[in-house]
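Shown next, in structure tokens, is the structure this report addresses.
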Amino acid sequence: MPSVLSLRGGVVLGALLLSGCIPVSLAEPLSFYGGRATPLSFGLYVTPNPEENPIDPPERFEGFHAGTDYEVSTDELEEEVSVSAICTGEIAYSGFAEGYGGLVVQRCRIRGEDVSVIYGHLSLGNVPKQKSKVKAGARIGILADARTHESGENRKHLHLGIHRGEELDLRGYVQSEEELKEYIDPLTVLPQTSLSLYPGGVLTPYWQESANEDSASD
Ligand SMILES: [Zn+2]
């Protein structure tokens, strides 16, 4: 029996996962989630060297990326970009964390496993309270503006990590492939429906568009 049933046309019901006998539905973290560029994919080895780094500004950390980064477009740079909870569960952490700026960690069960879901680079004014329960598909935050305290001085994007177990572990990078096994690749569990695709194909990150303009005007 397949453990994941894809249902076209339903964002929240994009996947039904059997966890014991209780069906648990997962939701997409961002609109057009399936059409967004993810240059910092799960498990990618990242260094602060701009030559080896696919993003702008280059990452300050080095190691295996323990999550997936979802980029935003030039239009979204000035807009409010809502982030949805991917699962139903209690908020274990909500506040500032070094490297992330605004951070929310939510405890959930995914595929019958206890996990903590890490949502990084969120605006601190809109995060849910610790111990509150957030349902899959409900708003869990808004992306912080680029290069602010709340984005961890980083570009505007979402870092989504899924750490196995109940322990609160805030790492966004790990130093070995062995440690990477403590994390689940979000792509392997999140639903992907026709509604999650971007009408224009792939949604180009804003920092890539401005780089293209710069080179065109050279
Ligand atoms: Zn990241």
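When a ligand or atom number is given, it counts from 1 through the structure's own listing order. Since we're looking at a predicted model, the values are computed, not measured.
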| Ignoring hydrogens and geometry, is there a side-chain-to-backbone donor-acceptor pair from Arg107 to Glu166 under 3.5 Å? |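 Flag set: sc Arg107 to bb Glu166 pair under 3.5 Å.
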| Glu153 and Arg60 ion-paired at < 4.0 Å |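 Not counted as a salt bridge, because no side-chain N and carboxylate O are separated by less than 4.0 Å.
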| message | the Zn ion (ligand 1) and His157: any N/O/S contact shorter than 2.8 Å? | response |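 Short answer: no, not a single N, O or S atom is under the cut-off.
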| query | Near the Zn ion (ligand 1), is there an N/O/S atom from Glu59 that is less than 2.8 Å away? | reply |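 Looking at Glu59, which is the residue asked about, there is no N, O or S atom under 2.8 Å from the Zn ion (ligand 1).
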| message | Suppose we screen for ring-ring contact (aromatic ring centres under 6.0 Å, His included). Which residues come up paired with Phe42, at least two apart in sequence or across chains? | response |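 With sequence neighbours excluded, Phe42 shows a ring-ring contact (aromatic ring centres under 6.0 Å, His included) to no residue whatsoever.
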| query | Taking only residues two or more places apart in sequence, or in another chain, which ones meet His65 in a ring-ring contact (aromatic ring centres under 6.0 Å, His included)? | reply |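 ring-ring contact (aromatic ring centres under 6.0 Å, His included) check on His65 returns His159, Tyr173.
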| said: For N/O/S atoms only: which one belongs to Asp69 and is nearest the Zn ion (ligand 1)? | reply: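 Result for Asp69 and the Zn ion (ligand 1): OD1.
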| field | Opening angle at the Zn ion (ligand 1) [NE2, His65; ND1, His159; to 10 degrees] | value |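 With the Zn ion (ligand 1) as the vertex, the angle is close to 100°.
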